[in-house]
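Here is the structure we will look at, set down as structure tokens.
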Amino acid sequence: MLDPKLLRGDLDQVAQRLAKRGFTLDTAQLESLESKRRELQTQTEQLQSERNSRSKAIGKAKSEGQDIEPLLAEVSDLGDRLDAAKKALATLQEEWEALTSALPNLPHDSVPEGASEDDNVELHRWGTPRDFDFEVKDHVDLGGKHGYLDFDMASKLTGSRFAVMRGPIAKLHRALAQFMLDTQTEAHGYEECYVPYMVNADSLTGTGQLPKFGEDLFRLEGDQDYYLIPTAEVPLTNFARDEILDYKSLPVRLTAHTPCFRSEAGSHGRDTRGMIRQHQFDKVEMVQMVEPDKSYEALEEMRGHAEALLQALGLPYRVVTLCTGDMGFGATKTYDLEVWLPSQDTYREISSISNCEDFQARRMQARFRHPDQKKPQLLHTLNGSGLAVGRCLLAVLENNQQADGSILVPEALRPYMGGLEVING
RNA sequence: GGAGGGAUGGCAGAGCGGUUUAAUGCACCGGUCUUGAAAACCGGCGUAGGCUAAUACCUACCCAGGGUUCGAAUCCCUGUCCCUCCGCCA
């Protein structure tokens with residue numbers, strides 16, 4: 001959610017900045033709602049004030065044994081007038097809420113302007129894609145050879161866009177997640193968390209998935225209104241919802257390894273082969289909550305935390321700065337890390353790291369108190385993948401394949417694989 | 001699943017229809033005193049919004065949402081969460 005003061009004060013500037021990301025703001029509608037709100041609120045509060053003082057007078061008269069009937073007659077219609085005013089105000093506030101909660105965040109000045117992913121700007125590359133002296137196989141063929149990666153089985157059990165892993169590949173998948181989690185906690189200062197894989201609507205509203213993007217989520221049937229998490233960003237960031245943190249506890253750095261569930265509505269026919277795009281995938285997530293003047297520093301730091309993992313695994317990648325048109329709803333600035341996939345002869349997203357500034361914090365009322373500041377201030381929240389485990393597995397399989405279809409296990413993962421050096425050997 | 005109890009400021013905890021500006025204690029902040037500290041004493045101390053040049057002032061919030069009433073932290077209904085006991089259970 002954007003700062004309501006900004007929406008009241010400098011609406012044209014907001015509209016200009018939103019236009020950069022292809023969003024058209026109806027300024028006239030907002031302005032008219034706002035002026036009506038002001039009027040109704042003043043009116044409502046006046047009526048409330050009148051009710052309070054008259055009720056107090058009645059109480060006093062009664063305790064003094066006076067006849068209160070005439071006083072009661074005076075206030076007979078006050079209640080109805082107040083109810084009407086309250087209702088009108090509530091309706092207006094709902095309208096305002098619906099409108100403003102659908103507004104995306106304002107892009108940071110350093111973000112390149114653009115309409116689509118084609119306008120993203122490459123920041124740098126690391127590593128050199130291997131020159132293969134044999135025909136490269138993709139992960140489906142590599143993993144399918146001994147039935148270690150089985151998409152047909154998953155279709156039988158559930159449906160499309162799921163995978164079954166077995167044997168050494170299942171173990172490699174677990175090894176990757178463990179390696180990432182250990183690195184984040186031991187080398188990068190994050191606290192390991194275990195969180196619910198289902199969350200309520202309040203949590204999803206806090207991080208911005210709701211109300212606008214409900215169709216991307218799996219919603220559970222039943223008495224409770226629960227959803228499967230699309231990312232651990234949701235539970236982790238909501239740790240701070242309705243909290244006022246002590247500034248001494250900042251920065252808060254949290255990490256969790258969880259499955260993520262996405263409906264992939266609207267991506268029919270895209271990436272249908274293999275495990276690039278699944279309804280269920282594992283991810284190690286990084287979340288930080290920091291003081292406002294430190295959030296861009298933290299963004300760079302988190303990018304480093306994600307890059308360190310790819311470097312340790314020896315996977316070639318590039319970093320791109322997302323342009324205004326390609327950024328997510330709540331982000332002011334986002335870096336994507338894209339890993340090299342030999343079978344596709346291109347780089348594919350494996351991590352996305354975003355600063356949301358106070359956008360999520362305002363929705364969540366996530367604040368901190370600094371002794372120099374009288375009022376509690378909104379936190380800045382950041383999140384990033386470190387990394388997507390499924391896509392990372394696939395990158396390891398494809399980049400480390402050998403002519404005979406066997407896979408060389410990266411050094412960093414061997415301790416997690418019982419010392420195993422080669423899969424399918 | 002059954003039976004009870006509960007949710008009040010950072011924490012503890014009183015209030016159970018009007019003299020409440022939500023008592024009191026702890027914690028915290030400022031001051032007095034002191035070489036410094038502690039203790040003692042004095043003062044301050046929630047969040048959001050409105051209106052202001054600013055103070056003042058006004059409004060809302062005692063888990064959430066409804067209701068009763070001139071008036072609700074207090075009474076009624078629904079929901080959520082927590083606790084105790086019984087049953088079941090990884």
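The sequence lines fix the lettering, A, B, ..., with proteins before strands; numbering per chain opens at 1. Only heavy atoms go into these numbers, but all of them, side chains included; no hydrogens, no water, no symmetry mates. As the structure is a prediction and not an experimental result, all values here were calculated from the model.
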Does [Y] offer a backbone N or O that forms a donor-acceptor pair with the side chain of [X] under 3.5 Å?
| X | Y | result |
| --- | --- | --- |
| A:Arg21 | A:Met327 | yes |
| A:Asn120 | A:Leu322 | no |
| A:Gln278 | A:Ala163 | yes |

>> By nearest heavy atom, map A:Pro4 and A:Lys87 onto RNA chain B; which one lands nearer the 5' end?
In response: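 First, find each residue's nearest nucleotide; the 5'-ward one identifies A:Pro4.
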
Measure all distances between protein nitrogen or oxygen atoms and nitrogen or oxygen atoms of nucleotides 56-59 of chain B, and list the pairs falling under 3.5 Å.
{"residue": "B:C58", "atom": "O3'", "partner": "A:Ser49", "partner atom": "OG", "Å": "3.2"}
{"residue": "B:U59", "atom": "OP1", "partner": "A:Asn52", "partner atom": "ND2", "Å": "3.3"}
{"residue": "B:U59", "atom": "O3'", "partner": "A:Gln48", "partner atom": "OE1", "Å": "3.4"}
{"residue": "B:U59", "atom": "O2'", "partner": "A:Gln48", "partner atom": "OE1", "Å": "2.7"}

> For A:Gln344, does the CD atom sit with more than 12 other heavy atoms under 6.0 Å from it, leaving out its own atoms?
Replying inline: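 Yes, CD of A:Gln344 has more than 12 neighbouring heavy atoms, counting only those of other groups under 6.0 Å.
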
> Is the CE atom of A:Met417 crowded by more than 12 outside heavy atoms at less than 6.0 Å?
Replying inline: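 Counting other residues, nucleotides and ligands, CE of A:Met417 exceeds 12 neighbours.
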
With [atom1] as the reference atom in both, quote the distance from [N] to [M] in angstrom, rounded to an integer.
| N | M | atom1 | result |
| --- | --- | --- | --- |
| B:U80 | B:G87 | C1' | 24 Å |
| B:C63 | B:G15 | P | 15 Å |
| B:A73 | B:G9 | P | 15 Å |
| B:A40 | B:A64 | P | 37 Å |
| B:C62 | B:A72 | P | 11 Å |
| B:A39 | B:C29 | P | 12 Å |
| B:U52 | B:C45 | P | 25 Å |
| B:G66 | B:U55 | P | 33 Å |

> Run the salt bridge (charged side-chain N to carboxylate O under 4.0 Å, His left out) check on A:Asp225 and A:Arg219 step by step: do they pass?
Replying inline: CA-CA 8 Å; A:Asp225 193 20; A:Arg219 184 178 190 170; 2.9 Å; yes

Write down the distance between [atom1] ([X]) and [atom2] ([N]), rounded to a whole number of angstrom.
| X | N | atom1 | atom2 | result |
| --- | --- | --- | --- | --- |
| A:Asp83 | B:C70 | CG | P | 12 Å |
| A:Leu82 | B:G67 | CG | C1' | 15 Å |
| A:Gln43 | B:G49 | CD | C1' | 17 Å |
| A:Asp202 | B:U80 | CG | P | 14 Å |
| A:Leu40 | B:A60 | CG | C1' | 16 Å |
| A:Gln93 | B:G65 | CD | P | 13 Å |
| A:Leu89 | B:G49 | CG | P | 15 Å |
| A:Leu78 | B:C70 | CG | P | 11 Å |

> Considering residues at least two apart in sequence or located in another chain, which fulfil the ring pair (Phe, Tyr, Trp, His ring centres under 6.0 Å) criterion with A:Tyr148?
Replying inline: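 A:Tyr148: ring pair (Phe, Tyr, Trp, His ring centres under 6.0 Å) contacts with A:His146.
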
>> Suppose the criterion is salt bridge (Lys or Arg N to Asp or Glu O under 4.0 Å): which pairs have a residue in residues 276-285 of chain A, not counting sequence neighbours?
In response: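 Counting only pairs at least two positions apart or across chains, the salt bridge (Lys or Arg N to Asp or Glu O under 4.0 Å) contacts touching residues 276-285 of chain A are A:Glu264-A:Arg277, A:Asp271-A:Arg277, A:Lys283-A:Glu285.
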
> So what does the secondary structure string of RNA chain B come out as, 5' to 3', with Watson-Crick or wobble pairs under 3.5 angstrom, [ ] for crossing and | for pairs with another strand?
Replying inline: ((((((((.[[[..)..(.....]]].(((((.......))))).(((((......))))).[[[[[..)....]]]]])))))))....

For nucleotides 14-23 of chain B, give me every protein contact, N/O to N/O, under 3.5 Å, one pair per line with atom names.
{"residue": "B:G18", "atom": "O6", "partner": "A:Lys62", "partner atom": "NZ", "Å": "3.2"}
{"residue": "B:G18", "atom": "N2", "partner": "A:Ser55", "partner atom": "O", "Å": "2.6"}
{"residue": "B:U21", "atom": "OP2", "partner": "A:Lys56", "partner atom": "NZ", "Å": "3.1"}

> Does a salt bridge link A:Asp358 with A:Arg367, judged by any charged N lying under 4.0 Å from a carboxylate O?
Replying inline: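 Judged by the 4.0 Å cut-off on N to carboxylate O distance, A:Asp358 and A:Arg367 do not form a salt bridge.
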
>> Under a 4.0 Å threshold between the charged nitrogen and the carboxylate oxygen, would A:Glu300 count as salt-bridged to A:Arg303?
In response: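 Here A:Arg303 pairs with A:Glu300 in a salt bridge, since their nearest N and O are under 4.0 Å apart.
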
> Is any side-chain nitrogen or oxygen of A:Arg38 closer than 4.0 Å to OP1 or OP2 of B:C51?
Replying inline: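 For A:Arg38, the contact criterion (side-chain N or O under 4.0 Å from OP1 or OP2 of B:C51) is met.
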
>> For A:Glu97, give me all partners under salt bridge (Lys or Arg N to Asp or Glu O under 4.0 Å), at least two apart in sequence or on another chain.
In response: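 Per chain and number, A:Glu97 pairs via salt bridge (Lys or Arg N to Asp or Glu O under 4.0 Å) with no residue.
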
> Which pair of heavy atoms, one from A:Asn238 and one from A:Gly206, lies closest together, and at what distance?
Replying inline: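 Taking A:Asn238 first and A:Gly206 second, the nearest heavy atoms are OD1-CA, 4.3 Å.
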
>> Can you give me the closest heavy-atom contact between A:Ser263 and A:His279, atom names plus distance?
In response: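 Residues A:Ser263 and A:His279, closest heavy atoms: O-CE1, 2.9 Å.
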
